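The structure appears right after this line, and notes come after that.
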Amino acid sequence: MKKCILITGATDGIGLETAKALALEGHTLLLHGRSAEKLNSAQQQLMALADNLKIETYRADLSEQDQVEKLAEAVTRDHKTLDVLINNAGVLKTNQPRTTDGLDLRFAVNTLAPYHLTQLLLPLLPPSGRVINLSSAAQAPVSIPALEGREVLTDDMSAYAQSKLALTMWNRVMAKRFPSGQPLFIAVNPGSLLASKMVKEGFGIEGKSLSVGADILVEAALSERFNKASGLYFDNDAGDFNTPHADAMNDSQCQAVTEAIESVLKR
């Protein structure tokens, strides 16, 4: 059965590779990106793969929450149903670590934006829907003051690792809000040091094939293997479901982080 799937950060890296794999299966793809030029290029690459593909593009800067809202409005205007949301967009290194709202850019893009977008698009998700949240092997205890923009994080990796743990924590909270597992909320580490722009910028290496990450994201989005995986963490480095950072298994800490996210988004 063909699905309607939104992928954020779909103009390069794992996002684009995942889109290619899903396009070849004939699914309707909604590609998000920050650059109109890159979105057009990604769309053209996908359209060249086969005839009669349904590929749509949406531009938004996920560091700005009003643009997250406009993205959700556009998708809602164009579609009555969204079967899968893949929250893939992410930031590690940046020359401008603070957003115009005074937030840490890593928290804004990696944690707040996917939570906000998910909440806004929930009405489109059917009971069989899935939200796939890209986590990471890099996870570190979350400083709520930093998440709220009251503490400045000067280390890129620390900020990134905290933002990814925060995402993994809210993924667990969302799954508990829908105990029936309808829709599913799944956190996935697609694999460490894959050949993405982020890895090249952050570590100066080429990395492993992007197909390693794309393949598991396609599986998480569509396969029966993940039918009862809501709230769980899939670690593609281990090739199986695994235990994330201990804080992500602590219900009270997960709730505190999620409440902090919601407080920031209400400003």
Side-chain angles (χ1 to χ4, degrees), residues 3-25 27-49 53-63 67-68 71-72 74-75 82-94 105-106 108-118 121 130-138 160 163-164 167 171 186-202 206-222 234 236:
K3 306 284 189 180
C4 180
I5 303 171
L6 170 60
I7 307 173
T8 66
T11 58
D12 55 32
I14 299 172
L16 181 56
E17 197 71 17
T18 302
K20 290 177 180 178
L22 290 168
L24 287 171
E25 295 187 14
H27 300 288
T28 296
L29 296 184
L30 315 183
L31 309 181
H32 156 265
R34 189 175 56 177
S35 160
E37 182 179 354
K38 288 185 177 181
L39 272 172
N40 182 63
S41 174
Q43 184 179 39
Q44 293 305 313
Q45 289 180 58
L46 295 181
M47 295 297 288
L49 296 176
L53 294 180
K54 296 180 180 179
I55 313 293
E56 302 175 20
T57 62
Y58 295 86
R59 186 168 68 89
D61 182 343
L62 298 186
S63 71
Q67 291 201 33
V68 174
L71 169 60
V75 172
L82 180 67
D83 296 294
V84 182
L85 168 59
I86 302 178
N87 284 313
N88 164 74
V91 176
L92 170 57
K93 291 190 73 173
T94 174
L105 186 71
R106 278 62 58 101
V109 175
N110 303 348
T111 307
L112 297 169
Y115 183 86
H116 198 182
L117 185 61
T118 298
L121 294 178
R130 298 185 182 188
V131 177
I132 312 301
N133 291 310
L134 263 75
S135 183
S136 171
Y160 177 80
S163 71
K164 286 300 183 179
L167 176 143
N171 182 84
I186 306 166
V188 177
N189 164 29
S192 297
L193 300 178
L194 303 183
S196 65
K197 180 177 66 176
M198 184 185 300
V199 166
K200 292 175 184 177
E201 291 176 348
E206 289 301 315
K208 297 175 286 188
S209 172
L210 289 171
S211 64
V212 172
D215 288 348
I216 195 58
L217 292 183
V218 171
E219 188 176 355
L222 303 173
F234 189 92
N236 207 27

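Remember, it's a predicted structure, so these values are computed and weren't measured experimentally. Along the sequence shown, the residues carry numbers beginning at 1.
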| request: Please round to the nearest 0.5 Å and tell me the distance separating atom CG of L53 and atom CG of L22. | output: 11.5 Å

| message | Let me confirm one number: the CD1-CG distance from I14 to D215, rounded to the nearest 0.5 Å. | response | 11.0 Å

| task | Look only at the side chain of D83 and the backbone of C4, and say whether a donor-acceptor pair between them is shorter than 3.5 Å. | result | yes

| request: Compare every heavy atom of A187 with every heavy atom of N171, then report the nearest pair and how far apart it is. | output: ND2-N, 3.5 Å

| Donor-acceptor pair, R130 side chain versus A220 backbone, under 3.5 Å? | yes

| message | Ignoring hydrogens, what is the shortest heavy-atom contact between L16 and A42? Give both atom names and the distance. | response | CD1-CB, 3.9 Å

| said: Checking side-chain contact (heavy atoms from CB on, under 4.5 Å) between L134 and each of V188, L167, I86, which is the one that passes? | reply: I86

| task | Taking N88 for its side chain and G9 for its backbone only, find out whether a donor-acceptor pair lies under 3.5 Å. | result | yes

| message | When you measure from the side chain of T8 to the backbone of A89, do you find a donor-acceptor pair of N or O atoms at a distance under 3.5 Å? | response | yes

| request: Please check if the side chain of R106 supplies one atom and the backbone of L92 the other of a donor-acceptor pair under 3.5 Å. | output: yes

| Candidate pair K20 and L46, rule side chain to side chain contact (heavy atoms under 4.5 Å, CB included), full reasoning | CA-CA 6 Å; K20 290 177 180 178; L46 295 181; 3.4 Å; yes

| message | Tell me whether Q44 at atom CD has more than 12 heavy atoms from other residues, nucleotides or ligands lying less than 6.0 Å away. | response | yes

| task | Would you check if L39 and L31 make a side-chain contact, meaning some heavy-atom pair closer than 4.5 Å? | result | yes

| task | List for me each residue that meets side-chain contact (heavy atoms from CB on, under 4.5 Å) alongside S63, sequence neighbours excluded, and say none if there are none. | result | D61, T99, L105, V109

| Which residues satisfy the side-chain contact (heavy atoms from CB on, under 4.5 Å) test with A72, sequence neighbours excluded? | L117, L120, L121

| field | Shortest non-hydrogen separation from P114 to N87 and the atoms involved | value | CB-CG, 3.5 Å

| query | Any side-chain heavy-atom pair from L29 and E56 closer than 4.5 angstrom? | reply | no

| said: Are V91 and N110 packed together at the side-chain level, in the sense that at least one heavy-atom pair is separated by less than 4.5 angstrom? | reply: yes

| task | Can you see which heavy atom on A23 is nearest to which on L49, and at what distance? | result | CB-CD1, 4.4 Å

| message | Whether the side chain of Q43 engages the backbone of I55 through a donor-acceptor N/O pair (distance < 3.5 Å, no angle test) should be reported. | response | yes

| Distance, nearest 0.5 Å, that separates CG of L62 from CG of L112 | 11.0 Å

| task | Would you give the length of the straight line joining atom CZ of F234 to atom CG of L217, rounded to the nearest 0.5 angstrom? | result | 10.5 Å

| said: Between H27 and V84, is there a side-chain heavy-atom distance shorter than 4.5 Å? | reply: no

| If you look at every heavy atom in S163 and T111, which pair is closest and at what distance? | O-OG1, 2.7 Å

| said: For H32 versus A60, what's the shortest heavy-atom pair and its separation? | reply: NE2-O, 2.9 Å

| Side-chain touch I216/E219, heavy atoms, less than 4.5 angstrom | yes

